[in-house]
Amino acid sequence: MKLTIRAPRDHEWQLCRMLLPGTFEDAALREYRLCLREEEPRLVAAMSYRREGDEIKGLQVHVVPGFRRLGVGSHLIAWLSESEPSAMEGMVEVLNHAEAVSFCERNGFERVDGLTTVEMEMAPARAYLRQMRDRLGMPAEARLITLAEAPFDQVAKLHAEEVVHDAELNPWRAVLSQAEKLSRSPVVMVDGEVAGFLLWENDGPLTMVHSRVVAPGYRGGWVLVTMLSEAFDGACEGGGVRARFSFTDTNRDTRRLAQRFEAKTLSVRARYRRVDGGR
């Protein structure tokens, strides 16, 4: 099968939107390529990516059903490699697209990070967190306030340092601008400095935990437990029944909480990376 790779023509952008819908949020920063063959039907795949320095970022490949497992996707990766990028990376929905994981592995990509989103009943977790909070306590120099009372510049700075830089992995977490909706979110202060915060809001019976940030030096202890307990108390009192939240591969504390209360996994988004072209 002879394949041709080229940029879309004016009348072909609708095809890109159909095959690569998630890429159009930052389409102005991206390059798009179609993969065609001489025989009908001609279109067999589409690809989009960003060039950042000598790296390929945000890579997405869609092979038309019926042409999968025929080497079309690997042909596109090989074509990209001809420009000699130092690395290529893209996101994969692991839970529902196991075939994409095997494609990445066959083409020299390795999983470097992931984000698991889960949902669980709040009542048993609320009781457990309250016990943990009472046992750990808070130091005398610490106090708990709401986001509406907190020094916004400190919260925004910590949020940017710990969350916004990874918006591609978890784009919906960059929500600090919605501060009015999140005004009841807990913030832990220690000697006038923000030690951590947890942004949440209720959507009917569903409590959305958007961002959970603990400043360096306060991780793995009472700050996290205090914030979670306060948030779950407020959410339950406001009608929340289930909590939905996410955690990265390296976040063992939140993973253990999800496992303890048998949270249901809704999605797993993983970043796969290939260094030096995988050669």
Side-chain angles (χ1 to χ4, degrees), residues 3-37 42-65 67 72-94 96-97 100 103-104 107-109 111-115 117 156-157 159-179 181-182 199 208 210-211 246 248 267-278:
L3 299 174
T4 299
I5 299 172
R6 61 166 173 79
R9 293 168 182 162
D10 288 347
H11 66 283
E12 293 172 328
W13 282 104
Q14 187 58 33
L15 294 173
C16 294
R17 286 187 177 274
M18 290 172 55
L19 299 180
L20 302 163
T23 67
F24 277 78
E25 294 178 0
D26 60 347
L29 304 175
R30 289 180 165 271
E31 297 180 36
Y32 288 81
R33 294 293 182 269
L34 298 180
C35 182
L36 306 102
R37 66 173 191 165
R42 298 192 62 200
L43 179 66
V44 297
M47 174 173 63
S48 180
Y49 51 90
R50 302 189 307 273
R51 292 189 185 273
E52 297 183 11
D54 62 352
E55 293 193 5
I56 299 292
K57 296 286 188 71
L59 174 62
Q60 287 198 30
V61 176
H62 181 98
V63 179
V64 175
F67 293 95
V72 174
S74 297
H75 182 77
L76 288 168
I77 298 299
W79 180 87
L80 266 181
S81 296
E82 293 177 2
S83 64
E84 299 186 347
S86 63
M88 293 186 280
E89 68 174 44
M91 303 299 301
V92 173
E93 172 47 66
V94 173
N96 301 315
H97 297 284
F103 169 79
C104 289
N107 285 278
F109 289 79
R111 178 167 171 161
V112 294
D113 201 359
L115 185 82
T117 299
K157 182 175 183 294
H159 190 265
E161 291 171 350
E162 301 294 331
V163 175
V164 178
H165 72 281
D166 205 10
E168 184 174 73
L169 180 64
N170 195 2
W172 54 265
R173 291 175 75 181
V175 293
L176 194 59
S177 61
Q178 303 173 20
K181 293 173 64 177
L182 311 173
L199 305 181
M208 303 293 296
H210 293 303
S211 301
S246 302
T248 59
S267 70
V268 182
R269 285 173 51 82
R271 178 185 291 115
Y272 278 80
R273 183 174 176 86
R274 174 169 137 167
V275 179
D276 295 328

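- Side chain of Arg37 to main chain of Val44: no donor-acceptor pair is present (N/O by atom type, distance under 3.5 Å, no hydrogens or angles).
- Remark: of the listed residues Leu115, Val92, Asp113, Asp113 is the sole one forming a side chain to side chain contact (heavy atoms under 4.5 Å, CB included) with Arg271.
- Side-chain atoms of Glu12 and Leu43, non-hydrogen and from C-beta on, never get closer than 4.5 Å to each other.
- Within the 4.5 Å cutoff, the side chain of Leu34 has no heavy atoms near those of the Leu19 side chain.
- In this structure, CG on Leu182 lies 11.0 Å from CE on Met208, to the nearest 0.5 angstrom.
- The CZ atom of Arg33 lies 10.5 Å from the CZ atom of Arg6; values are rounded to the nearest 0.5 Å.
- The two residues Ser267 and Glu93 come nearest to each other via the heavy atoms CB-OE1, 3.4 Å.
- Here the side chain of Glu89 pairs no donor or acceptor atom with the backbone of Gly58 at under 3.5 angstrom.
- Contact record, Val61 with Gly73: CG1-CA, 4.5 Å, taken as the closest heavy-atom pair.
- Between Ile56 and Arg51, the shortest heavy-atom distance links the atoms CD1-NH1, 3.5 Å.
- Contact between Gly114 and Arg111 at its shortest, heavy atoms only, is CA-NH2, 3.9 Å.
- Ring geometry for Trp13 versus Tyr32: interplanar angle over 60°, hence perpendicular rather than tilted (30 to 60°).
- Around CZ of Arg17, the count of heavy atoms belonging to other residues, nucleotides or ligands within 6.0 Å does not exceed 12.
- The side-chain heavy atoms of Met88 and Leu80, taken from C-beta on, include a pair separated by under 4.5 Å.
- At least one side-chain heavy atom of Leu59 sits less than 4.5 Å from a side-chain heavy atom of Phe109.
- Taking all atoms of both residues into account, the shortest heavy-atom contact from Cys35 to Val72 is SG-CG1, 4.2 Å.
- No donor-acceptor pair closer than 3.5 Å links the side chain of Glu55 to the backbone N or O of Glu52.
- Rounding to the nearest 0.5 Å gives a distance of 11.0 Å between CE of Met47 and SG of Cys16.
- Residues Arg269 and Ser246 bring no donor and acceptor atom of their side chains to less than 3.5 Å of each other.
- Between the side chains of Arg30 and Ser48, a donor-acceptor pair is found at a separation under 3.5 Å.
- Between His75 and Ile5, the shortest heavy-atom contact is CD2-CD1, 3.8 Å.
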